[in-house]
Asker: 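My structure is below; once you've seen it, I'll send some questions.
Everything numeric here is computed off the predicted structure, so don't read it as measured data. We use all heavy atoms of the structure for the numbers below, so side chains are in, but hydrogens, waters and symmetry mates are not.
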Amino acid sequence: MIEEALRPYIRDIVDFPKPGIVFKDITPLLQQPELVKKAVDEFVRRLSCTQIDVIAGIESRGFLFGFLLAQAMNKPFVPIRKQGKLPFHTVSESYKLEYGQATIEMHEDAIQQGTRVLLHDDLLATGGTVIAASKLVEKLGGQIAGYTFVINLEFLQSTGRLTRFSDRIISLLSYTE
């Protein structure tokens with residue numbers, strides 16, 4: 001099973017980026033090319049019945065598997081970046097963080113009306129960033145076809161926050177505490 005294969009390659013970094021947080025580091029996983037390929041293949045398998053036009057990855061770690069997934073599924077890839085990082089005309093969405101506010105952007109021509117978008121990020125925690133990304137897609141007339149995450153911090157109970165956009169939520173590895 002993919003979950004047992006991935007778990008040893010996720011490193012816990014205690015008190016990063018601030019005290020009380022246990023950061024889930026996927027860098028050891030990225031050093032295992034065969035396992036990365038198995039993870040991408042598992043996403044593709046689980047998405048086989050999902051209609052997808054475009055895959056969007058959320059900066060920055062969402063670019064890693066998001067782009068590989070787009071390549072494996074022969075779909076265009078759209079980067080969703082932090083404010084001020086994209087060179088063309090953008091649409092933006094701001095959202096609250098526990099310590100302030102952040103803004104993400106996407107090129108205004110990245111998707112068209114009715115485009116079915118799969119959103120990918122490496123980790124689902126509180127869901128704030130992915131909800132903001134979902135709103136960006138909707139601003140451009142797109143539809144959320146689903147979500148993929150390498151890791152879901154289930155104990156934060158964020159999947160329920162995403163279901164208003166799509167109930168197709170796939171994660172390869174879950175943590176319950």
Asker: Can you name the closest pair of heavy atoms from A56 and I80 and give their distance?
Answerer: CB-CD1, 3.9 Å

Asker: So do I55 and V78 actually touch side chain to side chain, heavy atoms under 4.5 Å?
Answerer: no

Asker: Between H107 (side chain only) and F88 (backbone N and O only), is there a donor and an acceptor less than 3.5 Å apart?
Answerer: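 Such a contact is found between H107 side chain and F88 backbone.
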
Asker: Can you confirm whether E4 is buried at CD, in the sense that more than 12 heavy atoms of other residues, nucleotides or ligands lie under 6.0 Å from that atom?
Answerer: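 Yes - once you tally the heavy atoms of other residues, nucleotides and ligands closer than 6.0 Å, there are more than 12.
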
Asker: Main chain of F149, side chain of D121: is a donor-acceptor contact present, judged purely on distance under 3.5 Å?
Answerer: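 Not confirmed, D121 side chain does not pair with F149 backbone.
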
Asker: Mark yes or no for whether R45, through its side chain, and V40, through its backbone, hold a donor-acceptor pair below 3.5 Å.
Answerer: no

Asker: Does E105 use its side chain to pair, donor to acceptor, with the backbone of G84 at less than 3.5 Å?
Answerer: yes

Asker: Kindly write out the residues that satisfy salt bridge (Lys or Arg N to Asp or Glu O under 4.0 Å) with R11, not counting sequence neighbours, or none if the list is empty.
Answerer: D25

Asker: What I'd like to find out is whether the side chain of I151 reaches to under 4.5 Å of the side chain of I26, using heavy atoms alone.
Answerer: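 Side chain of I151 against side chain of I26, heavy atoms only: contact under 4.5 Å found.
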
Asker: I'd like to know if the side chain of K75 and the backbone of I52 have a donor-acceptor N/O pair within less than 3.5 Å.
Answerer: yes

Asker: Is any side-chain heavy atom of K24 closer than 4.5 Å to one of L153?
Answerer: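 When only atoms from C-beta onward are counted, K24 and L153 do touch, with a gap below 4.5 Å.
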
Asker: Report yes if some heavy atom in the side chain of Q83 is under 4.5 Å from a heavy atom in the side chain of I104; otherwise report no.
Answerer: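 Counting from C-beta outward, Q83 and I104 never come under 4.5 Å.
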
Asker: Can you tell if the side chain of L172 reaches within under 4.5 Å of the side chain of T148, non-hydrogen atoms only?
Answerer: no

Asker: Distance-only criterion, 3.5 Å: show the donor-acceptor pairs between side-chain atoms of residues 135-147 and protein atoms not counting sequence neighbours.
Answerer:
{"unit_1": "K139", "atom_1": "NZ", "unit_2": "S92", "atom_2": "O", "d": "2.4"}
{"unit_1": "K139", "atom_1": "NZ", "unit_2": "E93", "atom_2": "OE1", "d": "3.1"}
{"unit_1": "Y147", "atom_1": "OH", "unit_2": "S134", "atom_2": "OG", "d": "2.7"}

Asker: Is R7 salt-bridged to E3, going by a charged N under 4.0 Å from an acidic O?
Answerer: yes

Asker: Among T27, L30, D122, which residue satisfies the side-chain contact (heavy atoms from CB on, under 4.5 Å) criterion with R61?
Answerer: D122

Asker: How would you list, by chain and number, every residue that makes a side chain to side chain contact (heavy atoms under 4.5 Å, CB included) with E154, sequence neighbours excluded?
Answerer: N152, S174, T176

Asker: Any side-chain heavy atom of L47 sitting closer than 4.5 Å to one from L118?
Answerer: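 In contact.
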
Asker: Taking the side chain as everything from C-beta on, heavy atoms only, tell me whether Q71 gets closer than 4.5 Å to L68.
Answerer: no

Asker: Verify, without hydrogens or angle tests, whether H120 (side chain) and G57 (backbone) share a donor-acceptor contact under 3.5 angstrom.
Answerer: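 No.
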
Asker: Taking the six-membered ring for Trp, are F67 and F77 parallel (under 30°), tilted (30 to 60°) or perpendicular (over 60°)?
Answerer: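 F67 vs F77 ring planes: perpendicular.
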
